[in-house]
Amino acid sequence: MTRQQPHDRDVHPQTRAVHPPVITPVASRPLGVPIYQGHLFGFDSADALANAFGAPDGAFMYARMGNPTVRSFERALAEMEGGAGAHATASGMGAVNAVLMALLRSGDHIIAQSSLYGGTYALLHDLADRWGVELTHIPGDDPAEVREALRPNTRLLYLETISNPVTHVTDIPAFTEAVRGTDVLTVVDNTFAPLLCTPIEHGADIVVHSATKFIGGHGDIIGGATVFADPAVHQRVWEHATELGATADPFAAWLAIRGLATLPMRVARQSASALDLARRLAAHPAVARVHYPGLPDHPQHELARHLLPDGSGGVLAFDPAGGREAGRVFSEAVQLVTLGPSLGAAATLLMHPASTSHRQLDAASLAAAGVGEGTVRLSVGLEHPDDLWADIEQALAVLTSPGPTARLAARP
Ligand SMILES: *Cc1c(COP(=O)(O)O)cnc(C)c1O
């Protein structure tokens, strides 16, 4: 039985104003996903409300547990990643936190790549220092590293498909194979390679995304998601994520859904432009080294050809000749490219890690992280590659022109 609506009754205008009719299309349906901005849902039966508690795919009741717009995004992403289910989070770090805190307890051991997103690295060390989680970092070059690091209390193996900023590619099939037959779950942060790589098909148990980057794609949301191969793991992480309060907002989820529609085209365009720019940079005399998996001299080029057959993504890095100051001067000499900390947006973005995100590291620690003092990271956007190259070329010319060379030499 459907409850009588207040507007059908004889009530005061003040009461009517609080209860507008909620219109649900019946003879037709919306083509796009509507934004369900409300955080709560009403029920006609106490049993139906009681049954809505406790499951990630239960009836909608309170939006921290689930929301139709957010669920559309979750379903679309689960399908894209070949997972059984997904949970959308308020940020990529919300996704990383939800997974680690749901699946680890004090005394557990985690094996993680050493070259990781800065926030993830900090969180792992926080869990190790304050919560007694044992942590082993591995370079991520050889699955034998995992077999050596395994302990009876190892619970998670944490990897990134392509890692930041020097585009290290991880052999996901070989690493998941190394923990097959154990209880260890493999988590892969696939933020740099949506659509290009589907880690679950290569044996991963959980995929993590920052939807802030390529999935959102326009630099206008903070969002994230976790995708699961196994519904039981989905249930465990969902329970913790709802306690943590790291749930996605419907509007951000709606923008992420809009982002998915153009993701295939953007990823293809950004990969093609990145390869084009990587080749031009590699041939430029003011560039000492280019890091891009699509180039034959990249250390994991052969692996990338198999793992990322449709393209190596929109992020590349390069070392201008001249070290730290060259990286810094270049990053301030670009005009079309924006000096800014994110990636995966429509606009091309640049970072000089040694003077910004990694500024607290000395030369030795930078080298251990695989980052050169002059290394510049480019997240290639959707501009015409010739316009991007013109800007990069003029900024490289600044490095080699007599004035700025003197400026370089004069800087402390
Ligand atoms: C940005 C990023 C994150 C964190 O995502 P937020 O949405 O900023 O919280 C995690 N992993 C990788 C690889 C990232 O690039």
Side-chain angles (χ1 to χ4, degrees), residues 70 73 77 81 86-101 110 112-127 140 156 158-170 172 186-197 199 204 206-227 237 241 244-249 251-253 255-256 259-260 263 266-267 270 274 291 293 308 312-317 340-345 348-351 353 356-358 369-371 377-381:
V70 175
F73 173 51
L77 191 66
E81 287 286 356
H87 181 65
T89 50
S91 67
M93 282 314 298
V96 176
N97 261 285
V99 167
L100 296 183
M101 294 179 69
I110 177 167
Q113 249 176 279
S114 32
S115 164
L116 287 170
Y117 177 72
T120 305
Y121 188 89
L123 172 61
L124 283 169
H125 284 266
D126 208 23
L127 288 173
L156 294 179
Y158 194 99
L159 309 169
E160 293 183 357
T161 313
I162 304 176
S163 64
N164 193 23
V166 288
T167 68
H168 176 280
V169 182
T170 302
I172 297 166
T186 305
V187 185
V188 179
D189 184 330
N190 199 33
T191 298
F192 276 47
L195 288 174
L196 297 171
C197 178
I206 301 167
V207 168
V208 172
H209 272 289
S210 167
T212 309
K213 315 293 170 52
F214 289 99
I215 290 176
H218 296 75
D220 51 13
I221 57 167
I222 290 281
T226 46
V227 189
V237 174
L244 191 64
T247 303
D249 172 79
F251 186 56
L255 285 171
L260 288 179
L263 184 65
R266 286 186 287 106
V267 162
Q270 285 163 315
H291 311 265
L308 311 159
S312 295
V315 178
L316 65 90
S342 192
L343 56 103
T348 298
L349 304 170
L350 170 156
M351 277 282 277
T356 56
S357 57
H358 294 56
V371 184
R377 182 189 79 191
L378 272 183
S379 168
V380 180

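Indexing begins at 1, ligand by ligand and atom by atom, following the structure's order. Throughout, numbering of the chain's residues begins at 1 and tracks the sequence.
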Atom pair [atom1]/[atom2] of [X] and [Y] - distance to nearest 0.5 Å:
X	Y	atom1	atom2	answer
I221	S210	CD1	OG	8.0 Å
N164	T191	CG	OG1	10.0 Å
L124	L116	CG	CG	6.5 Å

Test item: [X] side-chain N/O and [Y] main-chain N/O as donor-acceptor pair under 3.5 Å:
X	Y	result
S91	I222	no
T348	G381	yes
T226	H87	yes

Query raised in the report: Is there a heavy atom in S342 that sits closer than 4.0 Å to ligand 1?
Result: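 So S342 does not count as touching ligand 1.
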Query raised in the report: So is D189 in contact with ligand 1, going by heavy-atom distances below 4.0 Å?
Result: yes
**Report entry** Close side-chain approach of S163 to T170, heavy-atom, < 4.5 Å
**Finding:**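 Side-chain contact under 4.5 Å: no.
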Tell me the protein heavy atom at minimum distance from [atom], and give that distance in Å.
atom	value
atom 15 (O) of ligand 1	K213 NZ, 2.7 Å
atom 9 (O) of ligand 1	M93 N, 2.8 Å
atom 5 (O) of ligand 1	S210 OG, 3.0 Å
atom 4 (C) of ligand 1	Y117 CE2, 3.4 Å
atom 6 (P) of ligand 1	G92 N, 3.3 Å
atom 7 (O) of ligand 1	T212 OG1, 2.6 Å

Query raised in the report: Which atoms from ligand 1 have a heavy atom of F192 less than 4.0 Å away?
Result: 13 (C), 15 (O)
Report task. Below 4.0 angstrom from a heavy atom of G223, which ligand 1 atoms are there? Numbered from 1 as shown, please. Result -> 7 (O)
